[in-house]
Student: 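Here it is: the structure, laid out below.
Nothing here was measured: the structure is a model prediction, and the numbers come from that model.
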Amino acid sequence: MAEWLCATCAVEFGAGEQPPASCPICEDERQYVPPTGQEWTTLQRLQRDGERVSITELEPDLYGLRSEPRVGIGQQGLLLRTPDGNLLWDPPGYVDEAAAAAVQDLGGVAVIATSHPHMFGAQVTWSRMLGDPPVLVNAADRHWVQREDPAIQSWTGEVEVLPGVTLRTVGGHFPGSAVVHWDRGVVLSGDTVFPGPSQRWVTFQRSFPNDIPLSAAVVRRIADAVCDRPFDRMYGNLGNVVPRDARDAVLRSADRYIGWVSGAFDHLT
């Protein structure tokens with residue numbers, strides 16, 4: 001029985017002799033099915049091909065996890081360490097015994113959570129290989145889960161998953177799109193808020209690959225929610241970061257975005 005992964009988004013599906021007929025996540029307007037059609041891979045195939053997970057320290061008690069070569073969207077998962085347990089955020093679409101052992105050496109995982117369905121990755125397999133910590137999925141996006149498991153738990157609103165580590169629903173990209181506020185002055189934003197290449201600005205989208213914007217009202221709501229408490233640094237889901245003054249960057253970027261989509265800047269075109 002193979003453990004199937006969508007080759008485009010690397011979200012895991014239930015085990016079976018044959019792959020699923022389609023990937024609902026990629027068929028949605030926020031993602032895409034390649035012109036060549038739906039393709040599948042498996043954890044077993046990736047392991048045979050030499051796939052691995054690299055782990056890099058980003059700052060004290062925060063580590064980036066990447067599948068190499070890139071699997072699916074290729075998100076950088078984040079392992080946030082606290083004295084009371086660790087959070088695995090946006091887990092990659094690949095895991096093996098070596099990766100699980102390396103994470104255990106860093107203190108293991110008390111809880112797994114994701115910013116939105118594109119980042120589900122191999123969340124259930126990560127949980128099973130790390131001792132079955134709960135996998136938190138926002139209730140608004142629960143129907144996007146493609147591999148059911150007793151570890152999956154729904155949440156909504158705002159939840160302090162560990163002391164000083166708060167999971168918050170802000171919406172936008174998906175109704176349940178979430179961020180993590182860490183009381184060290186850090187936000188883990190997934191692509192709910194997407195740090196840009198300059199490390200000084202961020203952006204917001206309904207679909208990044210298909211360039212579908214969000215409305216001015218939704219962007220204002222997201223920015224206000226994320227910025228209703230202080231933070232200095234923001235980490236996205238692709239290794240992108242705003243290393244300082246991140247709260248100001250979100251507010252400034254929201255104003256710029258709203259100005260363009262509302263027509264306030266039409267005189268500049």
Side-chain angles (χ1 to χ4, degrees), residues 5-11 22-39 66-67 69-78 89-90 92-93 114-121 138 140-141 143-144 146 169-179 187-227 234-242 246-269:
L5 297 171
C6 172
T8 302
C9 69
V11 168
S22 63
C23 174
I25 290 174
C26 286
E27 291 187 335
D28 178 70
E29 70 174 2
R30 285 161 286 202
Q31 186 52 17
Y32 64 93
V33 176
T36 52
Q38 177 68 53
E39 297 179 2
R66 281 186 178 273
S67 58
R70 190 186 85 175
V71 176
I73 294 171
Q75 68 259 36
Q76 176 175 257
L78 295 169
W89 174 249
D90 284 350
T114 57
S115 57
H116 67 290
H118 294 157
M119 299 292 106
F120 285 166
N138 195 287
D141 298 332
H143 60 288
W144 291 106
Q146 303 301 315
T169 309
V170 298
H173 188 40
F174 277 77
S177 284
V179 301
V187 166
L188 311 182
S189 66
D191 58 18
T192 304
V193 180
F194 190 84
S198 72
Q199 300 189 341
R200 297 181 57 250
W201 296 84
V202 303
T203 194
F204 318 81
Q205 289 278 61
R206 174 169 173 81
S207 169
F208 287 90
N210 299 318
D211 293 318
I212 304 174
L214 292 168
S215 71
V218 170
V219 169
R220 174 55 63 202
R221 187 183 72 217
I222 294 169
D224 289 348
V226 172
C227 296
M234 173 172 280
Y235 291 88
N237 59 353
L238 296 178
N240 44 340
V241 59
V242 180
R247 184 176 181 275
D248 288 343
V250 172
L251 293 171
R252 182 175 66 248
S253 299
D255 288 343
R256 179 179 70 173
Y257 188 106
I258 289 167
W260 281 110
V261 299
S262 68
F265 294 163
D266 283 356
H267 64 285
L268 299 176
T269 61

Student: How would you list, by chain and number, every residue that makes a salt bridge (Lys or Arg N to Asp or Glu O under 4.0 Å) with Arg66, sequence neighbours excluded?
Tutor: none
Student: Taking the side chain as every heavy atom from C-beta outward, state whether Phe174 and Trp144 have any pair of such atoms under 4.5 Å apart.
Tutor: yes
Student: With rounding to the nearest 0.5 Å, note down the distance linking OG1 in Thr8 to CD1 in Ile73.
Tutor: 9.0 Å
Student: Got a donor-acceptor contact below 3.5 angstrom from the Arg221 side chain to the Ala223 backbone?
Tutor: no
Student: Backbone N or O of Asp266 within a donor-acceptor pair of the Thr269 side chain at under 3.5 Å?
Tutor: yes
Student: Quick one: which of Asp90, Asp141, Thr192 gives a side-chain hydrogen bond (donor to acceptor under 3.5 Å, both in side chains) with Ser115?
Tutor: Asp90
Student: Please identify each residue that fulfils side-chain contact (heavy atoms from CB on, under 4.5 Å) with Ala140, with sequence neighbours left out.
Tutor: Asn138, Pro175
Student: Quick one: does Pro195's side chain get under 4.5 Å of Val241's, heavy atoms only?
Tutor: no
Student: If you look at every heavy atom in Val179 and Ser189, which pair is closest and at what distance?
Tutor: CG1-CA, 3.9 Å
Student: Could you report the tightest heavy-atom contact between Ser177 and His173, atom names first, then the distance?
Tutor: OG-CB, 3.4 Å
Student: Please report, to 0.1 Å, the donor-acceptor pairs under 3.5 Å made by any side chain of residues 210-218, with sequence neighbours excluded.
Tutor:
from, atom 1, to, atom 2, distance (Å)
Asn210, ND2, Glu29, O, 2.6
Asn210, ND2, Gln31, O, 2.8
Asn210, ND2, Ser207, OG, 3.4
Ser215, OG, Val218, N, 3.2

Student: Check whether any side-chain heavy atom of Arg200 lies under 4.5 Å from a side-chain heavy atom of Arg252, and answer yes or no.
Tutor: yes
Student: Between OG of Ser22 and CD of Gln38, what distance do you get to the nearest 0.5 Å?
Tutor: 7.0 Å
Student: What pairs with Trp201 under ring pair (Phe, Tyr, Trp, His ring centres under 6.0 Å), at least two apart in sequence or on another chain?
Tutor: none
Student: Restricting to salt bridge (Lys or Arg N to Asp or Glu O under 4.0 Å), what partner residues turn up for Asp28, sequence neighbours left out?
Tutor: Arg30
Student: Who passes side-chain contact (heavy atoms from CB on, under 4.5 Å) against Thr36, sequence neighbours left out?
Tutor: Pro34, Glu39
Student: Check His116, Gln205, Gln75, His118 against Asp191 for a side-chain hydrogen bond (donor to acceptor under 3.5 Å, both in side chains) and give me the one that passes.
Tutor: His116
Student: Mind checking the CD1-SG spacing from Ile25 to Cys9? Nearest 0.5 Å is all I need.
Tutor: 5.0 Å
